[in-house]
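Take a look at the structure below.
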Amino acid sequence: MKISTYPMLDAEVVAGLVLERAPLLPVEEVAIGGWEGRVLAQDVRAPRDLPRWPVSAVDGYAVRSADGGGRLRVAGESAAGRPLERALGAGEAAVILTGGVLPDGADSVVMAEDAQADGDTVVVPANPASGANYHRPGADARAEEVLLAAGTELGPAEIGLAASLALDSLPLRRHPRVALLSTGDELFAVGADVDSPGRIPDSNRHALRAALVEAGARVTSLGIAPDDAAGLRQLVERALEDADVVVTSGGVSVGTHDLVKPLLEELGEVHCGRVKLRPGKPFTFATLRGGKLAFGLPGFPVSSLVTFEVFVRPALRKMLGCAELQRPRLAVRLGYDAAAAGDRTEYQRVSLVPEGSAWVAHTTGSQSSSRLKSLAGAHALVRIPPGADPIPAGSEVQAILLRLPAIPPQL
């Protein structure tokens, strides 16, 4: 066993190094139908006032407010897409359906239930308000107004809004292409019939693939690399042919079979080989030829996923051009006494429960870096800052929200 020569860097410093070196990916024009989960590279502006014409918000009668209180002759109908093609004269009204364009001359819409129809005439209330029950041009947006800003992630509403502008393609950032591999002779592929002492299923690769996909990456899984320098190098060099990012799991500590750091030193520049973080001290970050990124994640399951959340996910979101790089943060109260973190920042796995006006964080049990159960179902990671003194229950700390907790009906 050798001693690491890499300095221990503060977690915040490492997060800054990673984001500083994560490049924005190129822009590509993507046809409608392929926008889900993508990120806008440019602002989308309203091409004209929206709505373009005054349109009714209700079914009823378009009238001139000056004619209120009288019996009006029905001059025709204005329906959505089929406007009345003439102006209203004095003493006239038009049947108008929701979404129908107000005829020229009309300045108010009387709801159907407030009018009395009688053949080809209608009696409307006195003094209908000018401007009532219709949407004026530009009520939703003015021409050239930014409707979707660059960096917006496209969900159902955003896609619907862009489609409502008759846009059939959008400039979007390309997905990060990530090559993923596990390392270690002790691993075997999930599903393989292996029952030997010391062998363990390669669960990290599947967990990390799910995390990468959720972050917006396109993942190529390269399988399990052996504890062999030449074999590992061959896999990583193959990954670099197409990938923007290489993510490995395991092999980043200081054992004789930990080969990732020496390989990354040969292929590029290692910026971080150890970080003041619990769990995840052996986390490694490097840049390789062409500015490509390499992340060597620890082999313990919780360590690999926590370092992914803290360092890798924000980098991928920057590459995608997302306006928001981090998960939502929330101030919470500790529901337990947290042990001192020493010289390291610690992220503990918690569930969140509402108590009064506050959210209270409860530990998910043992925080061992090998205990994946502590992360499965956890609502958040609470940040325990470096320090020599324990943090007592009731103290306020910051939490990274992983999923929303259920809110009791009475709240």
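Count residues from 1 along the sequence.
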> Between Leu187 and Ser182, is a side-chain contact (heavy atoms from CB on, under 4.5 Å) present by the stated rule, with each step listed?
Replying inline: CA-CA 8 Å; Leu187 300 178; Ser182 298; 3.6 Å; yes
> Could you go step by step and tell me if Glu92 and Arg86 meet the salt bridge (charged side-chain N to carboxylate O under 4.0 Å, His left out) rule?
Replying inline: CA-CA 12 Å; Glu92 291 184 327; Arg86 74 173 187 82; 2.9 Å; yes
> Where do Val14 and Leu277 land on the side-chain contact (heavy atoms from CB on, under 4.5 Å) test, with the steps shown first?
Replying inline: CA-CA 10 Å; Val14 174; Leu277 184 70; over 6 Å; no
> Under the side-chain contact (heavy atoms from CB on, under 4.5 Å) criterion, do Leu222 and Leu180 qualify, and how do the steps go?
Replying inline: CA-CA 6 Å; Leu222 299 181; Leu180 173 66; over 6 Å; no
> Please walk me through it: do Arg38 and Glu28 pass salt bridge (charged side-chain N to carboxylate O under 4.0 Å, His left out)?
Replying inline: CA-CA 11 Å; Arg38 301 292 296 269; Glu28 55 188 13; 2.7 Å; yes
>> Checking Ser368 against Ser366 for the side-chain hydrogen bond (donor to acceptor under 3.5 Å, both in side chains) test, could you report, in this order, the C-alpha distance in whole Å, the side-chain angles of both residues, the deciding distance, and whether it holds?
In response: CA-CA 6 Å; Ser368 167; Ser366 168; 4.9 Å; no
>> Apply ring pair (Phe, Tyr, Trp, His ring centres under 6.0 Å) to residues Phe311 and Phe283 and explain how you reach the verdict.
In response: CA-CA 9 Å; Phe311 303 119; Phe283 170 78; 4.4 Å; yes
> Between Tyr134 and Val55, does a side-chain contact (heavy atoms from CB on, under 4.5 Å) hold up when you go through it step by step?
Replying inline: CA-CA 5 Å; Tyr134 73 89; Val55 294; over 6 Å; no
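A salt bridge does not link Asp244 with Lys292: none of the charged nitrogens is closer than 4.0 Å to a carboxylate oxygen. By the 4.0 Å N-to-carboxylate-O rule, Arg383 lies close enough to Glu12 to be salt-bridged with it. Classification of Arg233 and Glu237 as a salt-bridged pair holds, one side-chain N sitting under 4.0 Å from a carboxylate O. A salt bridge does not link Glu346 to Lys276: none of the charged side-chain nitrogens sits closer than 4.0 Å to a carboxylate oxygen.
In this structure, Arg205 CZ and Thr183 OG1 are separated by 11.5 Å, a value rounded to the nearest 0.5 Å. The CD1 atom of Ile96 sits 4.5 Å away from atom OG of Ser78, with the distance rounded to the nearest 0.5 Å. Atom CG of Asp59 sits about 3.5 Å away from atom OG1 of Thr98, to the nearest 0.5 Å. For the atom pair Cys272 SG and Phe295 CZ, the distance stands at 10.5 Å (nearest 0.5 Å). The distance from atom CG of Leu264 to atom OG1 of Thr248, rounded to the nearest 0.5 Å, is 6.5 Å. Of the inter-residue distances, the one linking Glu77 atom CD with Leu97 atom CG reads 4.5 Å to the nearest 0.5 angstrom.
In this structure a side-chain-to-backbone donor-acceptor pair under 3.5 Å is present from Arg274 to Tyr6. No donor-acceptor pair closer than 3.5 Å links the side chain of Arg278 to the backbone N or O of Arg344. A donor-acceptor pair under 3.5 Å is absent between the side-chain atoms of Ser395 and the main chain of Ile391, judged by distance alone. Side-chain N or O atoms of Ser249 include none that pairs as donor or acceptor with a backbone N or O of Leu297 at under 3.5 Å. Although no hydrogens or angles enter the test, the distance criterion places no donor-acceptor pair under 3.5 Å between the side chain of Asp337 and the main chain of Pro392. In this structure a side-chain-to-backbone donor-acceptor pair under 3.5 Å is missing from Asn133 to Val58. Side-chain atoms of Thr364 come within 3.5 Å of backbone atoms of Arg349 as a donor-acceptor pair (strictly under, hydrogens ignored). The backbone N or O of Asp227 sits less than 3.5 Å from a side-chain atom of Asp185, completing a donor-acceptor pair.
Side-chain contact between Val95 and Tyr61 is present, with heavy atoms from C-beta onward closer than 4.5 Å. With contacts defined as side-chain heavy-atom distances shorter than 4.5 Å, the pair Tyr336/Val360 does not qualify. Looking at Val246 and Val178, their side chains never come closer than 4.5 Å, going by heavy atoms from C-beta outward. Looking only at side-chain heavy atoms (C-beta outward), Leu372 and Phe300 stay at 4.5 Å or farther from each other. Residues Leu40 and Leu154 meet the side-chain proximity criterion, which asks for heavy atoms closer than 4.5 Å. No side-chain heavy atom of Thr152 sits less than 4.5 Å from a side-chain heavy atom of Val39.
Summarising the local packing, CG of Asn127 is surrounded by 12 or fewer heavy atoms from other residues, nucleotides or ligands at distances under 6.0 Å. For Glu85, the CD atom is loosely surrounded, since the number of other residues' heavy atoms within 6.0 Å does not exceed 12.
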Ignoring hydrogens and angles, write down the donor-acceptor pairs under 3.5 Å from the side chains of residues 136-150, residues two or more places apart or on other chains.
{"from": "Arg142", "atom 1": "NH1", "to": "Asp49", "atom 2": "OD2", "distance (Å)": "3.3"}
{"from": "Arg142", "atom 1": "NH1", "to": "Pro137", "atom 2": "O", "distance (Å)": "3.4"}
{"from": "Glu145", "atom 1": "OE1", "to": "Arg142", "atom 2": "N", "distance (Å)": "2.9"}

N/O donor to acceptor pairs below 3.5 angstrom from side-chain atoms of residues 206-220, sequence neighbours left out:
{"from": "Glu214", "atom 1": "OE1", "to": "Arg313", "atom 2": "NE", "distance (Å)": "3.4"}
{"from": "Glu214", "atom 1": "OE1", "to": "Arg327", "atom 2": "NH2", "distance (Å)": "3.4"}
{"from": "Arg218", "atom 1": "NH2", "to": "His175", "atom 2": "NE2", "distance (Å)": "2.9"}

Show me the donor-acceptor pairs within less than 3.5 Å that the side chains of residues 165-173 make with the rest of the protein, sequence neighbours left out.
{"from": "Ser169", "atom 1": "OG", "to": "Glu29", "atom 2": "OE2", "distance (Å)": "2.9"}
{"from": "Arg173", "atom 1": "NH1", "to": "Leu25", "atom 2": "O", "distance (Å)": "2.7"}

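Between Ser108 and Pro128, the closest heavy-atom pair is OG-CB, 3.9 Å. The shortest heavy-atom contact between Ala163 and Ile32 is CB-CD1, 3.9 Å. Taking both residues in full, the closest heavy atoms of Ser304 and Pro298 are given as CB-O, 3.3 Å, listed atom of the first, atom of the second, then distance. Between Ala341 and Ile384, the shortest heavy-atom contact is CB-O, 3.9 Å.
Each of Glu269, Arg21, His271 was evaluated against Thr287; a single residue qualifies, His271, per the side chain to side chain donor-acceptor pair (under 3.5 Å) test.
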